[in-house]
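Both backbone and side-chain heavy atoms feed into the values below; hydrogens, waters and symmetry mates do not. Each ligand, and each atom within it, is numbered from 1 in the order the structure gives.
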Amino acid sequence: MCGIFAYTGKKNAAEVLLDGLTSLEYRGYDSAGIFIPEAGTVKAVGAVGNLKAKVPQNFKGQSGIAHLRWATHGEPTEINAHPHSDCAGEIWVAHNGIIENYKEIKDKLIKKKHTFVSDTDTEVLAHLIEENLKKENDFEKAVIASLREVRGTYGLAIAYSKEPEKIITGRMGAPVVLGLGENENFIASDPSPILRHTKNVIYLRDGEIAVITPSSHNIYTLDHNRVIGTPETIEWDISQAQKGGYEHFMLKEIMEAPEVLKNTIRGRLIVKDGLAKLGGLESVADKLRDVKRIIIVACGTAYYAGLVGEYMLEEYAGIPVEVEVGSEFRYRKPVIDGDTILLAISQSGETLDTLEAIREGKRKGALALGVVNAIGSTIARETDAGIYNHAGPEIGVASTKAFISQLTALSLITLFLGRQRQMSATMGKRIAEELLLLPEKIEAILGQKEYLQSLAEKYADSRDFLYIGRKYNYPIALEGALKLKEISYIHAEGCGAGEMKHGPLAMIDENFPTMAIALRDSVYEKMLSNMQEIKARKGKIIALATEGSEEVRGVADDVIYVPKTLEMLSPILSAIPLQLFAYYFARQKGLNVDRPRNLAKSVTVE
Ligand code: F6R
């Protein structure tokens with residue numbers, strides 16, 4: 001959600017920055033902009049391609065800052081595109097976040113004769129630094145003084161034309177990572193634009209600022225005390241952040257599911273004893289034995305993974321579980337005590353609503369655990385313990401492979417906590433063995449992609465879609481509907497199949513099709529009855545059924561078959577055809593599935 005990128009070194013900065021923006025593009029595509037002290041500023045409305053087309057050949061220099069915008073304050077116009085500057089056009093700021101007290105600072109600066117050109121909160125910061133520079137006479141000190149005055153969230157890249165080699169960044173509630181190269185250094189919102197240059201990074205913490213030049217990086221607190229940052233090596237490979245021959249990241253990431261599942265479980269199962277070995281939970285294993293309640297907090301797709309987790313944990317570990325979206329949890333008065341675990345699920349590890357829920361829970365004495373994909377991210381660092389997904393970078397805005405990995409990670413946690421409690425070794429072994437069989441079963445589903453494409457084409461004129469499921473596949477119905485609406489912009493609604501008769505059934509007619517997840521599990525008969533209710537109202541049905549279930553054909557218009565697995569693991573399989581269906585549906589409409597309108601990845605605002 002907004003991306004910043006900065007470079008200082010010996011290379012052609014424009015090339016490095018524009019390349020970097022391309023790999024950050026999933027963070028925002030309302031506008032893009034670049035500032036190079038020796039060359040000037042170029043901005044464009046829309047995605048980074050528009051900016052590239054506007055940057056002239058001779059736009060050269062060896063340092064600079066760049067930005068991708070996901071609009072919050074002000075329309076997505078060229079004037080509002082970042083970087084923003086002071087009155088003199090010397091100080092330039094690229095910002096991810098929101099300056100909450102911008103209005104009062106702006107009023108104060110207007111009285112001091114500063115002239116503003118944009119509607120953004122960010123521009124205020126450039127002018128504030130200009131003002132403080134008059135007093136401090138030192139770029140670094142002026143930035144620090146300014147950041148001490150602002151309230152809100154920021155991940156920044158700040159350049160000053162009089163000191164072109166130096167870039168300053170600061171972090172408060174929005175991610176910033178430093179990339180440390182050979183005679184070159186980088187600042188970015190996440191590692192993806194840095195990976196092709198270096199794998200050595202330092203994740204900045206809230207309240208820290210960093211000053212980089214080609215040969216140095218210094219980190220300070222807002223009191224100007226030096227901090228020694230800990231360099232880390234990123235495991236992700238550059239190829240993981242590229243499309244690898246696929247037309248879209250989303251399709252590539254769906255197709256990666258078998259590998260992702262293997263990576264999530266690698267080294268984490270002791271099959272013969274039916275145990276999960278989760279190094280990330282070892283330090284709190286004794287505490288986990290006594291836990292009385294789990295609250296899962298997450299947003300969007302990760303929230304739906306949490307709902308599946310609730311069913312798994314209650315059935316197999318016998319622990320009461322509640323699941324809540326982060327944005328609700330943080331503003332009510334949840335009852336939490338020392339026997340409660342707060343479990344955050346987040347691909348990016350930066351979702352502000354989830355992060356704030358975790359902070360609130362910790363303040364109230366809960367043990368905070370994380371299921372996080374992005375290594376070194378804020379949620380990963382602020383939770384007491386947890387497990388990484390190891391799903392690799394997810395670039396497509398619609399989450400796919402991370403969801404598969406989240407479900408897998410939750411099954412591992414269920415095994416871990418269940419075996420600490422009443423789950424038998426035999427049951428543990430069954431779950432472990434079945435997990436190992438899933439990659440092959442997923443391959444079988446992916447092998448049907450042409451069929452799923454033809455189904456998407458057949459239904460592509462539909463303007464509405466109902467998704468229904470029960471028990472473990474109720475959350476998958478919700479997730480299937482979310483996938484379709486977020487990339488196709490059509491109305492899709494997920495619903496527990498038993499709830500249909502309490503309202504949603506009224507919508508059904510011959511133009512309102514239903515995707516029914518009707519696997520051969522403990523609620524199979526009930527699902528068949530619910531499908532009959534739809535059929536009786538002339539509704540079209542696509543059924544997701546277990547291989548060999550012939551009677552489904554008698555009710556459904558079309559059937560997608562998936563292999564049989566344990567009921568608790570079945571969402572891992574049923575999610576995949578729904579992802580592929582949504583993908584091809586949006587493709588059929590000619591939409592850019594990797595960049596759905598109005599959305600961006602890593603939601604670092606409220
Ligand atoms: C939907 C989607 C979002 C995210 C949500 C949470 O396809 O991607 O709903 O799941 O914004 O993001 P993370 O997992 O990064 O916390």
For [X], take its heavy atoms, then give the atoms of ligand 1 lying under 4.0 Å from any of them.
X	answer
K483	1 (C), 7 (O)
S348	13 (P), 15 (O), 16 (O)
A302	10 (O), 14 (O)
G300	9 (O)

* To do: Under 4.0 Å, heavy atoms only, figure out whether ligand 1 is touched by the backbone of T354, its side chain, both or neither.
  =>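 Within the 4.0 Å criterion, T354 makes no contact with ligand 1.
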
* To do: Measure E350 to ligand 1 on non-hydrogen atoms and call it side chain, backbone, both or neither using the 4.0 Å cut-off.
  =>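 Near ligand 1, E350 shows nothing, with every heavy atom at 4.0 Å or more.
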
* Would you please classify the geometry between the H82 ring and the H95 ring as parallel, tilted or perpendicular, with 30° and 60° separating the classes? =>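 Plane angle between 30° and 60°, so tilted.
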
* Dump the intermediate steps for side chain to side chain contact (heavy atoms under 4.5 Å, CB included) on D464 and M507, then the final yes or no. => CA-CA 9 Å; D464 307 274; M507 298 186 292; over 6 Å; no

* Within 45° cone of Y26 ring axis and under 6.0 Å: R595 NZ or CZ ->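 No cation-pi geometry.
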
* Output the distance between atom OG1 (T514) and atom CD1 (I542), rounded to the nearest 0.5 Å. =>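 So the OG1 of T514 and the CD1 of I542 are separated by 9.0 Å.
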
* To do: Apply salt bridge (Lys or Arg N to Asp or Glu O under 4.0 Å) to E324 and R332, showing your working.
  => CA-CA 11 Å; E324 193 155 339; R332 59 182 195 85; 2.5 Å; yes

* Asked: Are T264 and N389 close enough that a side-chain donor and a side-chain acceptor fall under 3.5 Å?
  ->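 The criterion, which ignores hydrogens and geometry beyond distance, is not satisfied for N389 and T264.
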
* To do: Tell me yes or no: between the side chains of E315 and Y472, is some donor less than 3.5 Å from an acceptor?
  =>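 Present: a donor and an acceptor within the cut-off.
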
Closest protein heavy atom (residue, atom, distance) for [atom]:
atom	answer
atom 5 (C) of ligand 1	C299 O, 3.5 Å
atom 2 (C) of ligand 1	T301 OG1, 3.7 Å
atom 13 (P) of ligand 1	T351 OG1, 3.2 Å
atom 14 (O) of ligand 1	Q347 N, 2.6 Å
atom 11 (O) of ligand 1	V603 CG2, 4.0 Å
atom 7 (O) of ligand 1	E486 OE2, 2.5 Å

* Is it true that V397 lies under 4.0 Å from ligand 1, counting heavy atoms only? ->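 Right, V397 reaches ligand 1.
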
* **Neighbour count >12 (heavy atoms, 6.0 Å) for atom CZ, R205** =>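 Counting other residues, nucleotides and ligands, CZ of R205 stays at 12 neighbours or fewer.
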
* In a check of side-chain contact (heavy atoms from CB on, under 4.5 Å) between V371 and each of L343, I296, I379, which one passes? ->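 Answer after filtering L343, I296, I379: L343.
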
